[in-house]
**Student:** 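First, the structure itself, so that you have it in front of you.
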Amino acid sequence: MSSPVNYALVGNVGVITVDNPPVNALSQPVRQGIVDAVDVAAGDASKAVLVICEGRTFIAGADITEFGKPPAEPWLPAVFDRLEALDKPVVAAIHGTALGGGFETTLAAHYRCAVPTAKVGLPEVKLGLLPGAGGTQRLPRLGGVEAALELMTSGNPIPAARALELGLIDKIIEGDLREGALAWAEELVASDAPVRRISEQTVPAHDAAVFDRFRGVAAKRARGQVAPLSIIDCVEAATQMSFDEGSRVEREKFMELMRGAQSAAMRHLFFAERQAAKIDDLPKDTAQRSVESVGIVGGGTMGGGIAMSFANAGIPVTLIEVDDEALQRGLSIIDKNYAGSVKRGKVSEDAAQKCRALISGSTDYDSLTDVDLVIEAVFEDPDLKKTIFTRLDKVCKPGAILATNTSYQDVNEIAAATERPQDVIGLHFFSPANIMKLLEVVRAEKTADDVLATCMALARRIRKVPVMSGVCYGFIGNRMLQPYFREAQLCVIEGATPEQVDNAMESWGMAMGPLRVADLAGIDVGYKARQALPEEQRGDPRSYRVADVLAEMGRLGQKTGAGFYQYDPETRKHASDPVVLEIIEREAAAFGIDRREIPDEEIVDRLVYGLVNEGMRIVEEGIAQRPGDIDVVYAYGYGFPAWRGGPMHYADSVGLERVYERVCEFRDRFGAEAWPPAPLLVQLATE
Ligand code: 3HC
Ligand code: NAI
């Protein structure tokens, strides 16, 4: 087999070219290839060395598929030490994304250049790891402690221009990279430029308090995660020890993280996200429809955010509302959102204006005759939705995709309101739709293959993470919330306080506890959904009575200043409310419940295994293609801690046998109606 690394002498420059599609990951043959090329370069007539890549990107990191397997030599740090030790100038030329081990490759070089569109970064923290091939030791020496900590603890890549400002690269090359980089290498030879090994430099002066400051930030922003703290320790070591000693600390901590459960969970999510984008029964070459313009019906909370998502990707949007007043209200919220983004420095004024200019409004459905895709986002009223689809069927051009953002309604029934059910699909965005990454793509019975393929690809174009769901009440995510919220509220009426439930879940890792979520989303949402159902379908009354009482009192959550908690009108900070505790005790007594102390562990198990048990059914029924899809839904749409890998991965990590035992225990204690073990769980646990 030919090596993915090629070496050739071009003038005075020994050119090492990596060609390992799709992203030039540093798999074993690449590592070996680089070492071999370095050996040749060390002994030939070259006076400088250039490292460059073929394909769409510079090296995007270590090969993540090798992680968790026995390590194969040569080890990455050793490869980089060899490259850096060359006694002729080594230049790295970056295009695409130099990430993780890829950026570390460039740090082992002596000079760095990049095309203007390139990005560099150390995203290891997003895989529960730290840069383990010298990154934590070289980056602070090159760019200073603060920049290094920021880059490594956030994991966010930065554009070439910013990297140049920080001194992380030396030069931006316009035009052909290979030609430009070769010319620069020749210049370095001609000017007798020195070999500049970062490992031999000292760390620039810094404020010693910076480490504790970053530890404080990590404790808040990355609650529960070990990798950010290990990164900070390694950078601190870089300021206190020699390069070799610091590298030993880095190696030890890297291996510790690699063996740990958190990184396994985050690596699982990395691959699950990419897998979720694939539809098993859809041929890879399924044709796609062109989507260059979008109509949105309903410019409320969701419609406005969805409009922004498309405009931000350069796709023009027409927003339809019932009347001018509603339209102006919708557009002004969009204006406010863009102004907010500019103020927070998220986008430039100019870029925001360009996006905003792509959104126009109308109260006339005829404005939708030419659009390629319409997304309906009106009130959650099945009859209204069907009326709108019948109307869209008449107005829209043949071949236009007709989508609904419904949270719960039957997409098959909505499709049946048209003469073209093959063009109808669900596109379930999450609030706030311009920010949340998840998109559930709901495939109805008659949805055409090309409509599905188009929407999966379109999701990535608007920077969403798509997961396909079949049709059922609540699709994947909201359907699983039912047992989750049920158990949360049962714990409350049985003896816990709302705070105890929320704190238990947040300490476990959820971004926000369930009752605080209910207050944020509005207690009326669940209330109205229940009212629309016949009583026998509403579930155990003990699990919603308190919420019903709150809704009927007008305590709808944050928007009315009170719900399960009371909220400070200025700061929006929540505080427990004696009134709520009284309601809970009164309603518990009415049900004849003798309130008891509930351990946090029971709360967590009831809520999380409620998710898992329902998730098993969702897989079994084919609503989700695979368990990993559910994990992606929960990590991207519901604030489930990525470092626990999503509910299904978490259940695997605990052991399905143990989960099954606990579900059986809950069935025996709380009844088979709420806790029937999912047949798939039974099968997998007993196999
Ligand atoms: N190792 C192995 N496979 C990788 C990979 C990696 N580092 N990065 C991407 N891939 C695979 C993906 O799984 C996908 O495979 P598939 O087609 O079979 O699903 C394929 O490459 C294409 O990836 P994307 O679909 O993500 O392509 P995009 O063009 O959207 O994105 C990217 C490209 C920005 C490079 C993105 O893939 C990415 O962010 N990759 C991960 C980068 C990373 O985390 N690097 C650090 C690794 S850890 C490390 O280096 C440790 C070191 O410090 C010791
Ligand atoms: P909303 O009440 O904020 O907005 C609905 C908008 O639709 C209103 O501005 C209304 O004037 C407009 N509208 C009503 N009838 C119309 C018609 N015939 N033509 C044009 N516009 C019309 O509601 P929201 O929250 O935006 O929800 C919309 C849909 O999105 C619902 O189906 C909901 O279930 C779903 N959804 C809501 C989420 C949320 O968190 N709010 C999350 C995901 C989905």
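For this chain, numbers begin at 1 and follow the sequence in order. Because only heavy atoms are used, hydrogens play no part in the values below, and waters and symmetry mates are left out as well, while side chains stay in. Bear in mind the structure is a predicted one, so any value in this text is a computation, not a measurement. Both ligands and their constituent atoms are indexed starting at 1 by order of listing.
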**Student:** With no hydrogens and no angle check, just 3.5 Å: does a side-chain donor-acceptor pair link Ser199 and Glu84?
**Tutor:** yes
**Student:** For the CG atom of Leu458 and the CZ atom of Phe310, what is their distance to the nearest 0.5 Å?
**Tutor:** 4.5 Å
**Student:** State whether the number of non-hydrogen atoms from other residues, nucleotides or ligands found under 6.0 Å of Arg460 atom CZ is greater than 12.
**Tutor:** no
**Student:** Is the closest heavy-atom distance from Thr57 to ligand 1 below 4.0 Å?
**Tutor:** no
**Student:** Using 4.0 Å as the upper bound for N to carboxylate O, is an ion pair formed by Asp524 and Lys559?
**Tutor:** yes
**Student:** Any protein heavy atom under 4.0 Å from atom 18 (N) of ligand 2?
**Tutor:** yes
**Student:** Contact between Ala377 and ligand 2, counting heavy atoms under 4.0 Å?
**Tutor:** yes
**Student:** Is Asp63 paired with Lys69 through a side-chain N to carboxylate O contact shorter than 4.0 Å?
**Tutor:** no
**Student:** Can you check whether a protein heavy atom sits less than 4.0 angstrom from atom 15 (O) of ligand 1?
**Tutor:** no
**Student:** In terms of residue, atom name and distance, what is the protein heavy atom nearest to atom 44 (C) of ligand 2?
**Tutor:** Ser407 OG, 3.1 Å
**Student:** Give yes or no for whether the N/O distance cutoff of 3.5 Å, strictly under, is met between Leu127 and ligand 1.
**Tutor:** no
**Student:** Report yes if Arg274 has an N/O atom closer than 3.5 Å to an N/O atom of ligand 1; otherwise report no.
**Tutor:** yes
**Student:** Kindly confirm or rule out an N or O of Leu99 lying under 3.5 angstrom from an N or O of ligand 1.
**Tutor:** no
**Student:** If you measure every N or O of Phe271 against every N or O of ligand 1, does any of those distances drop under 3.5 Å?
**Tutor:** no
**Student:** Taking non-hydrogen atoms only, is Leu384 closer than 4.0 angstrom to ligand 2 via side chain, backbone, both or neither?
**Tutor:** side chain
**Student:** Quick check: does any side chain N or O of Arg251 sit under 3.5 Å from a backbone N or O of Gly132, one acting as donor and the other as acceptor?
**Tutor:** yes
**Student:** What atoms of ligand 1 come closer than 4.0 angstrom to any heavy atom of Asp63?
**Tutor:** 1 (N), 2 (C)
**Student:** For ligand 1, find out whether one of its N or O atoms is nearer than 3.5 Å to an N or O atom of Thr97.
**Tutor:** no
**Student:** Any idea which atoms of ligand 2 are less than 4.0 Å away from a heavy-atom of Thr301?
**Tutor:** 3 (O), 25 (O), 26 (O)
**Student:** Just let me know how Lys126 lines up against ligand 1, side chain, backbone, both or neither, with a heavy-atom cut-off below 4.0 Å.
**Tutor:** neither
**Student:** If we set the cut-off at 4.0 Å for heavy atoms, which region of Ala60 has an atom near ligand 1: side chain, backbone, both, or neither?
**Tutor:** both
**Student:** I'd like the name of whichever of Val378, Leu520, Asn405, Val525 reaches closest to atom 31 (C) of ligand 2 through any heavy atom.
**Tutor:** Val378
**Student:** May I ask you to identify, for Leu26, whether its side chain, its backbone, both or neither come under 4.0 Å of ligand 1 on a heavy-atom basis?
**Tutor:** neither
**Student:** Between Phe254, Phe270, Phe67, Trp75, flag the one that comes closest to atom 40 (N) of ligand 1 by a heavy atom.
**Tutor:** Phe270
**Student:** So, Arg626 and Asp280, do they make that salt bridge, N to O below 4.0 Å?
**Tutor:** yes
**Student:** What atoms of ligand 2 come closer than 4.0 angstrom to any heavy atom of Ile320?
**Tutor:** 20 (C), 21 (N)
**Student:** Under 4.0 angstrom from ligand 2, any heavy atom of Lys385?
**Tutor:** yes
**Student:** Where is the nearest protein heavy atom to atom 37 (C) of ligand 2: which residue, which atom, and how far?
**Tutor:** Met302 CG, 3.3 Å
**Student:** Examine the proximity of ligand 1 to Ala62 and report which part, side chain or backbone, both or neither, has a heavy atom under 4.0 Å away.
**Tutor:** both
**Student:** Working to the nearest 0.5 angstrom, can you tell me the gap between Leu99 CG and Thr57 OG1?
**Tutor:** 6.5 Å
**Student:** May I ask you to list the atoms of ligand 1 that are less than 4.0 angstrom from any heavy atom of Glu104?
**Tutor:** 52 (C), 53 (O), 54 (C)
**Student:** Checking contacts now, so for atom 5 (C) of ligand 1, which I'm interested in, is there any protein heavy atom under 4.0 Å?
**Tutor:** yes
**Student:** List every atom of ligand 2 that sits less than 4.0 Å from any heavy atom of Ile388, numbering the atoms from 1 in the order shown and giving each element.
**Tutor:** 17 (C), 18 (N)
**Student:** Is any side-chain heavy atom of Val115 less than 4.5 Å from a side-chain heavy atom of Ile94?
**Tutor:** no
**Student:** Check ligand 2 against Gly300 and write out every atom of the ligand that is under 4.0 Å from a heavy-atom position of the residue.
**Tutor:** 3 (O), 4 (O), 6 (C), 9 (O), 26 (O)
**Student:** Using distance alone, determine whether Arg329 and ligand 2 share an N or O pair under 3.5 Å.
**Tutor:** no
**Student:** Does Glu66 come within less than 4.0 Å of ligand 1, judged by its heavy atoms?
**Tutor:** no
**Student:** Would you give the length of the straight line joining atom OG1 of Thr387 to atom CD of Glu376, rounded to the nearest 0.5 angstrom?
**Tutor:** 10.5 Å
**Student:** Within ligand 2, which atoms have a heavy atom of Gly298 less than 4.0 Å away?
**Tutor:** 7 (O), 12 (C), 20 (C), 21 (N)
**Student:** Centres of the Tyr636 and Phe430 rings: under 6.0 Å?
**Tutor:** no
**Student:** Please state which part of Phe430 comes within less than 4.0 Å of ligand 2, counting heavy atoms only: side chain, backbone, both or neither.
**Tutor:** neither
**Student:** Would the distance check show the side chain of Arg82 and the main-chain N or O of Val35 forming a donor-acceptor pair, the cut-off being under 3.5 Å?
**Tutor:** no
**Student:** Near Thr406, which atoms of ligand 2 are under 4.0 Å from a heavy atom of that residue?
**Tutor:** 32 (O)
**Student:** For ligand 2, which atoms sit closer than 4.0 Å to a heavy atom of Phe429?
**Tutor:** 42 (C), 43 (C), 44 (C)
**Student:** Say whether Ile64, considering both its backbone and side-chain N or O atoms, lies within less than 3.5 Å of an N or O atom on ligand 1.
**Tutor:** yes
**Student:** Are the side chains of Asn24 and Val30 in contact, using a 4.5 Å heavy-atom criterion?
**Tutor:** no
**Student:** Might you work through the side-chain contact (heavy atoms from CB on, under 4.5 Å) test for Asp629 and Asp631, ending with a clear yes or no?
**Tutor:** CA-CA 5 Å; Asp629 288 14; Asp631 291 333; over 6 Å; no
**Student:** Looking at Glu321 and Val297, would you say the former's side chain and the latter's main chain have a donor-acceptor pair under 3.5 Å?
**Tutor:** no
**Student:** Under a plain distance cut-off of 3.5 Å, with no hydrogens placed, do Asn312 and Tyr338 share a side-chain donor-acceptor pair?
**Tutor:** yes
**Student:** Between Val235 and Leu139, is any pair of side-chain heavy atoms under 4.5 Å apart?
**Tutor:** no
**Student:** Apply the side chain to side chain contact (heavy atoms under 4.5 Å, CB included) test between Leu130 and each candidate in Lys253, Met258, Glu256; give the one that qualifies.
**Tutor:** Lys253
**Student:** Please check if the distance between the ring centroids of His268 and Phe270 is under 6.0 Å.
**Tutor:** no
**Student:** Should the proximity of Gln275 to ligand 1, defined as any heavy atom under 4.0 Å, be assigned to the side chain, the backbone, both, or neither?
**Tutor:** neither
**Student:** Please state whether Gly135 comes within less than 4.0 angstrom of ligand 1, counting heavy atoms only.
**Tutor:** no
**Student:** Could you tell me which atoms of ligand 2, counted from 1 in the order shown, lie closer than 4.0 angstrom to a heavy atom of His428?
**Tutor:** 43 (C), 44 (C)
**Student:** Between Gln409 and Thr404, is any side-chain donor less than 3.5 angstrom from a side-chain acceptor?
**Tutor:** no
